[in-house]
Chemist: 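Before I ask anything, let me first share the structure, which is written out below as structure tokens.
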Amino acid sequence: AKFTNDTSGQIQKANTQELIQSPSEISAQTGRVVIKTAGKIKIIPIASILYLEAADDYVKVVTAEGGFLKNKTMAYFEKTLPGSMFSRTHRSYIVNVQEITRIEPYEKDNHLAILRSGFKVPVSQSGYGRLKMVLGL
């Protein structure tokens, strides 16, 4: 018995569709973010996320491999990602606190979080307060 391309294509499509719809609900429990990129599905373990950045209607999930856009809000990620590991440092940024090597003063009441990768993430005044709580300072 040989499967026709039609049937296997449809089965594959149905499974893929399920995958695309369900990850948002389970990402926190499973410790990964699932992103559809160029027709492929990219699975990113949350531990490998360096930071997240707001980008219009999307959130850019930045890893060592590069940035991937997810059609979700910053508020969604703030709620779903573990608060012990991620902190919203700025209106447009959520950072993986394990990646921070130092925090430097930067203009007025703002700071910069310097990540191991060399990335610099802005930290607002309220973000600094949240970050200090997560870091236990």
Side-chain angles (χ1 to χ4, degrees):
K2 197 176 176 193
F3 290 107
T4 64
N5 282 342
D6 253 21
T7 311
S8 61
Q10 282 177 337
I11 290 167
Q12 204 173 352
K13 238 183 221 163
N15 291 346
T16 305
Q17 204 52 43
E18 241 171 65
L19 251 175
I20 292 164
Q21 286 164 358
S22 55
S24 46
E25 280 72 82
I26 58 167
S27 64
Q29 293 91 326
T30 55
R32 61 183 175 253
V33 175
V34 180
I35 295 175
K36 190 175 181 209
T37 171
K40 296 184 182 106
I41 292 173
K42 175 89 181 142
I43 298 169
I44 302 170
I46 59 172
S48 69
I49 296 172
L50 305 179
Y51 67 91
L52 298 101
E53 181 182 356
D56 296 325
D57 297 337
Y58 291 85
V59 171
K60 186 169 156 191
V61 178
V62 180
T63 69
E65 288 179 57
F68 303 92
L69 293 175
K70 178 81 174 160
N71 194 355
K72 289 282 178 192
T73 63
M74 290 297 275
Y76 164 81
F77 278 108
E78 198 174 12
K79 269 200 314 250
T80 338
L81 292 169
S84 57
M85 197 174 162
F86 289 88
S87 180
R88 184 143 186 190
T89 59
H90 184 278
R91 193 167 44 88
S92 303
Y93 290 88
I94 296 173
V95 70
N96 181 341
V97 293
Q98 261 97 41
E99 292 296 321
I100 299 173
T101 58
R102 65 185 190 276
I103 299 167
E104 297 178 350
Y106 177 75
E107 288 179 0
K108 230 167 140 203
D109 297 321
N110 295 321
H111 290 79
L112 276 180
I114 314 298
L115 308 188
R116 268 186 277 195
S117 55
F119 286 115
K120 294 175 179 165
V121 177
V123 181
S124 66
Q125 194 174 1
S126 59
Y128 187 60
R130 284 192 295 268
L131 194 54
K132 285 197 330 191
M133 277 185 358
V134 174
L135 295 171
L137 298 171

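As a basis for the values below, the full set of heavy atoms in this structure was taken, side chains included, without hydrogen atoms, waters or symmetry mates. The chain is numbered in sequence order, starting from 1.
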Chemist: Answer whether the closest heavy-atom distance between the side chains of Val33 and Phe68 falls below 4.5 Å.
Modeler: no
Chemist: Just wondering, do Val121 and His90 contact through their side chains at under 4.5 Å, heavy atoms?
Modeler: no
Chemist: Could you point out which residue of Ile103, Val123, Leu137 forms a side-chain contact (heavy atoms from CB on, under 4.5 Å) with Lys132?
Modeler: Leu137
Chemist: Taking Leu50's backbone N and O only, do any of them form a donor-acceptor pair with Arg116's side chain (distance below 3.5 Å, no angle check)?
Modeler: no
Chemist: Does the Ser92 side chain pair with the main chain of Ala54, one donor and one acceptor, at a distance under 3.5 Å?
Modeler: no
Chemist: Ignoring hydrogens, what is the shortest heavy-atom contact between Tyr93 and Met74? Give both atom names and the distance.
Modeler: N-CE, 3.4 Å
Chemist: Looking at Gln125, I'd like to know if its CD atom is crowded, meaning that more than 12 non-hydrogen atoms belonging to other residues, nucleotides or ligands lie closer than 6.0 Å.
Modeler: no
Chemist: Counting distance only, does the side-chain N/O of Thr89 pair as donor-acceptor with the main-chain N or O of Pro122 below 3.5 Å?
Modeler: yes
Chemist: What distance do Ser48 atom OG and Ile43 atom CD1 have between them, rounded to the nearest 0.5 Å?
Modeler: 11.5 Å
Chemist: Under a 4.5 Å cut-off applied to non-hydrogen side-chain atoms, are Tyr51 and Glu99 in contact?
Modeler: no
Chemist: Looking only at heavy atoms, which two atoms of Val134 and Gly83 are closest? And how far apart?
Modeler: CG2-O, 3.7 Å
Chemist: Tell me who clusters with Tyr58, hydrophobic residues only, linked when side chains sit under 4.5 Å apart either directly or through other members.
Modeler: Leu69
Chemist: Side-chain heavy atoms under 4.5 angstrom apart, residues restricted to Ile, Leu, Val, Met, Phe, Trp, Tyr: same cluster for Phe77 and Ile49?
Modeler: yes
Chemist: So Val61 and Leu52, side chain to side chain contact (heavy atoms under 4.5 Å, CB included) or not? Walk me through it.
Modeler: CA-CA 5 Å; Val61 178; Leu52 298 101; 3.8 Å; yes
Chemist: Is Ile35 reachable from Tyr76 through a run of hydrophobic residues whose side-chain heavy atoms are each under 4.5 Å from the next?
Modeler: yes
Chemist: How long is the straight-line distance from CD1 of Ile46 back to CZ of Phe86, given to the nearest 0.5 Å?
Modeler: 5.5 Å
Chemist: Please check: side-chain N/O of Arg130 versus main-chain N/O of Arg88, any donor-acceptor pairing under 3.5 Å?
Modeler: yes
Chemist: Mind checking the CD-CG spacing from Glu104 to Leu112? Nearest 0.5 Å is all I need.
Modeler: 6.5 Å
Chemist: How long is the straight-line distance from CD of Glu107 back to CG of Asp109, given to the nearest 0.5 Å?
Modeler: 11.0 Å
Chemist: Roughly how far apart are Lys42 NZ and Lys70 NZ, rounded to 0.5 Å?
Modeler: 13.5 Å
Chemist: Under the side chain to side chain contact (heavy atoms under 4.5 Å, CB included) rule, what do Leu115 and Ile100 come out as? Steps first, then yes or no, please.
Modeler: CA-CA 4 Å; Leu115 308 188; Ile100 299 173; 3.7 Å; yes
Chemist: Measure the shortest side-chain to side-chain distance between Val59 and Ile94 over non-hydrogen atoms and say whether it is less than 4.5 angstrom.
Modeler: no
Chemist: Enumerate the ring pair (Phe, Tyr, Trp, His ring centres under 6.0 Å) contacts for residues 96-115, please, sequence neighbours excluded, ordered by first and then second residue.
Modeler: His111-Tyr128
